[in-house]
Structure formats: C-alpha cells, structure tokens
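For the numbers below, each heavy atom of this structure counts, side chains included, while hydrogens, waters and symmetry mates do not. Since the model is a prediction, treat every value here as computed from it, not as a measurement.
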Amino acid sequence: MRTQSERRPAVEPEPQKRTCWAAEPVALHLFGGEALLTQDPSSGGWTWTGKGADGSHGTAGGGTRYGTREEAAAYMGAFLREHGS
C-alpha cells in the first residue's frame, strides 16, 4: 500500500492558465425577425445584431457589451418586438 507522500508528486504542478474563450453564438427568431447573440472573447461581454420583420437592421449600439447573455437577449428581444409583425 502506498503512503500519502507516494501518491502525490513532490512538486505540485502549476494550475493551467485559462485563456478567454467565447461561447457559441445564439440565433433567435422572434416576432418574425431574427437575431444573433455573440460573446466577445476579449471582454466576455455579450452583444447582438438582428433584422426585424419589417426589414429594419439593428445592433447593440456604440460598441455596447452586456454583462450577461440574458441582458443582451432582452434588448435584442425589445428590438425584434418593436420591428415585428
């Protein structure tokens, strides 16, 4: 049977550095329009771009990045509802 010291390496490995990655884009279809939610890999913030049922195009303005996917989806949903059928 191994002792506790034999089970563990003498030097603990350093934790791996985590690189920032972005979640997969999310496509949504609401009120006759469609939009795409994307996450910025450098900041981790969420943004959206879409096209309403009436043909209007919209985006999160001015480089806005939302803290969560749900917050970005709420603004995107409001746009699609305003320009929906």
Side-chain angles (χ1 to χ4, degrees):
M1 185 150 133
R2 295 176 135 175
T3 64
Q4 183 72 3
S5 62
E6 290 176 322
R7 288 186 212 152
R8 267 207 256 165
V11 177
E12 294 290 328
E14 288 187 37
Q16 290 192 355
K17 293 181 181 175
R18 184 175 177 169
T19 57
C20 192
W21 54 274
E24 289 292 318
V26 179
L28 297 170
H29 303 272
L30 298 169
F31 306 106
E34 55 188 30
L36 188 65
L37 295 170
T38 54
Q39 187 178 30
D40 178 26
S42 62
S43 71
W46 287 85
T47 189
W48 65 272
T49 183
K51 181 179 178 184
D54 64 0
S56 297
H57 291 270
T59 62
T64 300
R65 299 287 183 262
Y66 301 100
T68 65
R69 176 176 49 194
E70 293 79 11
E71 184 180 10
Y75 282 95
M76 180 268 324
F79 168 82
L80 291 176
R81 183 181 60 219
E82 183 178 329
H83 298 280
S85 54

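- Separation of atoms CG (L36) and CH2 (W48) is listed at 11.5 Å; rounding is to 0.5 Å.
- Closest non-hydrogen pair, G44 versus Q39, comes out as O-NE2, 2.9 Å.
- Nearest heavy-atom pair, M76 versus L30, reported as atom, atom and distance to 0.1 Å: CE-CD1, 4.5 Å.
- With a 6.0 Å radius and a threshold of 12 heavy atoms from other residues, nucleotides or ligands, Y75 has its OH atom at or below the threshold.
- Taken to the nearest 0.5 Å, the NZ atom of K51 stands 10.5 Å off from the CZ atom of F79.
- Minimum heavy-atom separation, H83 to S56: ND1-OG, 3.3 Å.
- For G67 against W46, the heavy-atom pair with the smallest separation is O-CD1, 4.4 Å.
- Interatomic distance, CD of E34 versus OG1 of T49, reported as 10.0 Å (0.5 Å rounding).
- By the 4.5 Å heavy-atom criterion applied to side chains, L28 and L37 are counted as neighbours.
- Atom CZ of R69 is surrounded by 12 or fewer heavy atoms from other residues, nucleotides or ligands within 6.0 Å.
- Of all non-hydrogen atoms in G32 and S85, the two that sit nearest each other are CA-OG, 4.1 Å.
- The minimum heavy-atom distance between Y66 and A60, with the atom names listed, is CE1-CB, 3.8 Å.
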